[in-house]
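Source: prediction; values computed, not measured.
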Amino acid sequence: MSRGQGKNSGAMMVWVMLGLASLGGGLGAVIASRLVAYRPSPEIMAANQEISQAENPLMPASSTTPSAKSFCQYNALDSVTASLYQIRSLNAIASDPLPALSGLSSVVNADFMASLTPATFPKISDRARSAKIPIIMYHDITAIKDVSWDVTPEELERHFQSLQDGGYTPISMDAMVNHLRTGSQLPEKPVLLTFDDNYVGQYKYAFPLLQKYNYPAVWSVHTRFVGTGGQKPKATWTQLREMRKSGLITVASHTVNHLNLKDLSDEQIEKEVTDSKKVIEKELGEKIDYFTYPEGDYTDVAREQLKKAGYKAALTMSLDPALERSANESEDLMSIMRFGQSRFDEAIATAAGGNSTSPSPFLTTVSDGSINFTTPVEKRTVTVDDLPLTLVFGGRVATTHADNRAQVEEILTMTPSAIAAVDGGFFSLERIDGNKMIGPVLSQFSSKAGIFINGNKGENPLLNGRPLVLISPTTVKFVPYNAAKHNSLEAVRAELADVTDAFVAAGWLVRDGKPQPAESFGKLYGFDAVRDRAFWGIDRSGRPAIGVTMEMIDSVGLGKILVKAGLRDAVMLDSGASAALAYRGKSVMQYEPRPVPHVVALLPPDPVAATESTEKLNCPVSLKP
């Protein structure tokens with residue numbers, strides 16, 4: 001059998017398993033069990049051990065030798081069976097196949113896996129948020145400039161040559177939208193090129209250069225002006241058909257009359273959006289999926305009309321350079337931001353393919369509100385609206401309440417298996433080395449583990465309405481704190497039966513996917529001040545997330561940014577000199593924070609992943625009744 005044939009056979013087996021596992025029934029479990037048949041090679045065992053220790057240095061090195069008999073051998077689906085071992089029981093695969101399917105990502109094409117769970121339209125998938133696709137917006141290409149935003153053919157070719165020399169890859173509109181919806185793979189430095197208003201100069205100069213460099217682009221066409229003359233003549237339908245036939249050009253509707261949609265009635269908006277689409281589709285004989293807002297302006301009515309007409313995405317712009325950002329940082333598919341061509345060098349420097357090719361987030365996207373403690377812990381440094389953030393996602397969440405104040409990285413070492421931690425709830429300043437918290441606290445890692453400490457009964461009513469954070473081994477809840485109600489372990493168990501950790505946070509930054517307004521913070525001191533801030537919450541895929549700002553900001557502004565960063569719920573933990581986050585034993589802060597007594601920590605997703613057994617693993621050949 002050739003290597004290529006082996007790959008095809010393995011892929012076929014994966015397809016079979018995917019279909020059976022998705023049924024969630026006993027048959028899927030039976031077939032899955034038959035795939036677990038043989039022991040891995042020594043090379044695979046050694047590689048897996050090295051990967052495990054690299055991902056989690058806290059995990060002890062295995063004493064298992066390559067000849068040990070505590071492993072089942074792998075067949076061609078080594079990566080599949082490795083995932084199955086992590087489930088503890090093949091019955092679990094039958095009843096809940098998603099954890100097992102997540103491990104198939106090294107065998108099944110990544111784009112296929114991503115396509116299984118696209119974000120709900122028109123949202124952008126969380127998986128796409130780590131990449132950055134700068135979209136460059138051009139207007140007329142002309143030998144002699146009439147206005148400042150015109151570009152000469154020589155300037156345009158210098159841009160294209162810079163892309164080629166710098167290793168950038170212009171991608172199509174279809175590829176970008178698919179990525180934004182699913183988090184599908186991107187080249188290392190993706191860029192999208194767009195040309196607005198259908199000038200003849202674009203056809204005369206830009207189109208031949210696109211052919212020369214084999215670069216795709218988007219052409220935004222306003223139908224009333226197709227083929228018209230004057231000082232700025234427009235390309236004809238014949239020329240548009242020629243460009244479309246090349247396979248490089250995607251045509252987008254730019255309305256009928258190129259009027260600012262904010263100035264139009266609802267009826268006029270509908271006509272501009274739908275009539276232009278119908279005309280282009282008739283003239284070019286193809287479906288038009290994309291729209292470009294004239295002058296970048298739109299209304300809620302316009303967005304709804306675009307959805308109703310069947311558009312899949314819309315491009316916008318801003319005359320304020322401070323508002324320009326990558327496609328991945330846009331609010332959603334109906335408002336994808338672009339950069340003006342005058343910022344070409346600055347824009348392309350931001351291009352990044354992200355980590356969408358990583359298998360870990362394939363099955364995590366916009367969710368139904370559930371909590372997901374099964375994904376690996378990963379750290380990301382991102383910039384949203386010019387605010388740099390350090391974020392750590394995944395794993396399980398817990399809190400540690402130390403006996404004395406210490407740096408977060410010190411408390412991290414007191415928390416078994418913890419990978420990352422952020423400073424937790426507010427604490428009393430009456431003693432420099434004290435650990436007294438503001439409000440009630442319950443921590444599973446503490447000298448008083450499992451004991452509910454109610455706090456100061458006289459001060460607690462002042463905290464009413466703030467988020468009471470409740471954590472259990474399987475879920476997280478944020479509920480409005482009520483001092484008269486939440487005053488005992490039994491009371492918080494009434495909210496969450498298996499609660500292990502509880503404390504009162506400073507305030508909601510994001511609640512149910514919405515940034516919180518100033519009035520939601522009540523009388524919280526300094527919420528509107530510009531400060532360093534620490535926070536934690538749940539992202540839209542259900543993963544826990546902790547983070548800090550790397551520059552100062554107010555609470556309301558931070559909430560807006562965290563929504564764009566993909567958080568579904570987020571609460572503020574601390575601000576000012578105490579804001580701190582540590583990852584794998586090291587602080588990420590650019591200053592030495594004030595010591596704290598309490599942290600929110602992220603632990604590995606599987607609480608028994610680091611344990612080893614000398615007993616033979618259960619390697620069933622079949623599941624008999």
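The environment of CD in Glu242 is crowded: more than 12 heavy-atom neighbours from other residues, nucleotides or ligands sit within 6.0 Å. Within 6.0 Å of NZ in Lys307 there are more than 12 heavy atoms belonging to other residues, nucleotides or ligands. More than 12 heavy atoms of other shown residues, nucleotides or ligands fall within 6.0 angstrom of atom CG in Asp320. Atom NZ of Lys145 has more than 12 heavy atoms from other residues, nucleotides or ligands within 6.0 Å. Environment of CZ in Arg224: sparse, with no more than 12 heavy atoms of neighbouring residues, nucleotides or ligands closer than 6.0 Å. For NZ of Lys287, the number of neighbouring non-hydrogen atoms (other residues, nucleotides, ligands) closer than 6.0 Å is greater than 12.
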Q) Which is it for Phe195 and Leu210 under the side chain to side chain contact (heavy atoms under 4.5 Å, CB included) test, yes or no, and what are the steps along the way? A) CA-CA 12 Å; Phe195 293 83; Leu210 291 168; 4.2 Å; yes
Q: Check the pair Asp150, Lys232 against salt bridge (Lys or Arg N to Asp or Glu O under 4.0 Å), reporting the backbone distance first and the verdict last.
A: CA-CA 11 Å; Asp150 282 348; Lys232 291 284 190 182; 2.7 Å; yes
Q. Is there a side chain to side chain contact (heavy atoms under 4.5 Å, CB included) between Leu192 and Val218 once you walk through the steps?
A. CA-CA 8 Å; Leu192 180 66; Val218 178; 4.2 Å; yes
Q: Could you walk me through whether Arg511 and Asp569 pass salt bridge (Lys or Arg N to Asp or Glu O under 4.0 Å), step by step?
A: CA-CA 5 Å; Arg511 195 171 185 180; Asp569 291 285; over 6 Å; no
Q | From CA spacing to verdict: side chain to side chain contact (heavy atoms under 4.5 Å, CB included), Lys308, Glu270 | A | CA-CA 9 Å; Lys308 182 179 178 181; Glu270 181 180 11; 4.2 Å; yes
Q. Step by step, would you call Glu157 with Lys212 a salt bridge (Lys or Arg N to Asp or Glu O under 4.0 Å)?
A. CA-CA 10 Å; Glu157 180 152 27; Lys212 175 181 177 180; 2.6 Å; yes
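Pro544 approaches Gly395 most closely through the heavy-atom pair CG-O, 3.4 Å. Scanning all heavy atoms of the two residues, the minimum distance from Pro190 to Ala351 falls at O-CB, 3.4 Å. Across every non-hydrogen atom of Val510 and Gln516, the tightest pair is N-CG, 4.3 Å. The two residues Ala580 and Asp423 make their nearest non-hydrogen contact at N-OD1, 2.9 Å. The nearest pair of heavy atoms linking Ile336 to Ala327 is CG2-CB, 3.7 Å. Taking both residues in full, the closest heavy atoms of Pro122 and Asp332 are given as O-CB, 3.1 Å, listed atom of the first, atom of the second, then distance.
Side-chain atoms of Ser578 never come within 3.5 Å of backbone atoms of Asp574 as a donor-acceptor pair (strictly under, hydrogens ignored). With His254 contributing its side chain and Thr292 its backbone, the two residues share a donor-acceptor pair below 3.5 Å. Of the possible donor and acceptor atoms, none in the side chain of Arg181 sits under 3.5 Å from a partner among the backbone N and O of Ser125. In this structure, Glu329 contributes its side chain and Lys564 its backbone to no donor-acceptor pair below 3.5 Å. Looking only at distances, a side-chain donor or acceptor of Glu272 sits under 3.5 Å from a matching main-chain atom of Asn257. Between the side chain of Glu281 and the main chain of Lys278, no donor-acceptor pair closer than 3.5 Å is present. In this structure a side-chain-to-backbone donor-acceptor pair under 3.5 Å is missing from Arg543 to Phe373. Judged by distance alone, with hydrogens and angles left aside, the side-chain atoms of Thr383 form no donor-acceptor pair with the main-chain N or O of Asp386 at under 3.5 Å. When atom types are taken as modelled, the side chain of Ser326 and the backbone of Lys132 share no donor-acceptor pair closer than 3.5 angstrom. One N or O on the side chain of Thr194 and one on the backbone of Ile136 form a donor-acceptor pair closer than 3.5 Å.
Ring geometry, Phe207 versus Tyr203: the interplanar angle falls under 30°, so the pair is classed parallel (tilted spans 30 to 60°). Ring pair Tyr138/Phe160 is perpendicular by interplanar angle, where above 60° counts as perpendicular and below 30° as parallel.
Using a 4.5 Å heavy-atom threshold, the side chains of Ser318 and Arg338 count as separate. Looking only at side-chain heavy atoms (C-beta outward), His222 and Asp196 stay at 4.5 Å or farther from each other. At a threshold of 4.5 Å between non-hydrogen side-chain atoms, the residues Ser130 and Arg380 count as touching. In this structure the side chain of Asp140 never reaches within 4.5 angstrom of the side chain of Asp197, judged on heavy atoms. No side-chain heavy atom of Thr152 sits less than 4.5 Å from a side-chain heavy atom of Thr142. Side-chain atoms of Leu240 and Glu283, non-hydrogen and from C-beta on, never get closer than 4.5 Å to each other. Inter-residue side-chain proximity for Ile348 and Leu163 is flagged as met; some heavy-atom pair is nearer than 4.5 Å. Contact check for Met173 versus Leu315: side-chain heavy atoms found under the 4.5 Å cut-off.
Side-chain polar atoms of Tyr213 and Gln161 form a donor-acceptor pair below 3.5 angstrom. Between the side chains of Thr374 and Asn372, a donor-acceptor pair is found at a separation under 3.5 Å. Side-chain contact check for His179 and Asn328: at least one donor-acceptor pair (N or O, by modelled atom type) lies under 3.5 Å. Side-chain N/O atoms of Ser172 and Asp174 include no donor and acceptor closer than 3.5 Å. There is a side-chain donor-acceptor pair under 3.5 Å between Asn178 and Ser184.
Stacking of Lys312 on the aromatic ring of Phe121 is not recorded, the 6.0 Å distance cut-off and the 45° axial limit not both being met. A cation-pi geometry, defined here as NZ or CZ lying under 6.0 Å from the six-membered ring centre and within 45° of its normal, holds between Lys277 and Tyr311.
The distance from atom CZ of Arg568 to atom CG of Asp126, rounded to the nearest 0.5 Å, is 10.0 Å. Taking OG from Ser330 and CG from Leu180, the interatomic distance works out to 7.5 Å, rounded to the nearest 0.5 Å. Summarising the geometry, atom CD belonging to Glu331 is positioned 9.5 Å from atom CZ belonging to Arg325; distances are rounded to the nearest 0.5 Å. The structure places CD of Gln341 at 9.5 Å from NE2 of His139, a figure rounded to the nearest 0.5 Å. To the nearest 0.5 Å, atom CZ of residue Arg244 and atom CZ of residue Arg241 are 12.5 Å apart. One distance of note links CD of Gln202 with CD of Gln239; it measures 11.5 Å at 0.5 Å rounding.
When each of Phe291, Tyr293, Tyr298 is tested with Met334 by the rule side chain to side chain contact (heavy atoms under 4.5 Å, CB included), just one qualifies, namely Tyr293.
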Donor-acceptor list for residues 524-537 side chains, cut-off 3.5 Å, not counting sequence neighbours:
from: Arg531; atom 1: NH1; to: Ser575; atom 2: OG; distance (Å): 3.3
from: Arg533; atom 1: NE; to: Ile553; atom 2: O; distance (Å): 2.8
from: Arg533; atom 1: NH1; to: Ser555; atom 2: OG; distance (Å): 3.2
from: Arg533; atom 1: NH2; to: Gly526; atom 2: O; distance (Å): 2.9
from: Arg533; atom 1: NH2; to: Phe527; atom 2: O; distance (Å): 3.4
from: Arg533; atom 1: NH2; to: Ala529; atom 2: O; distance (Å): 2.7

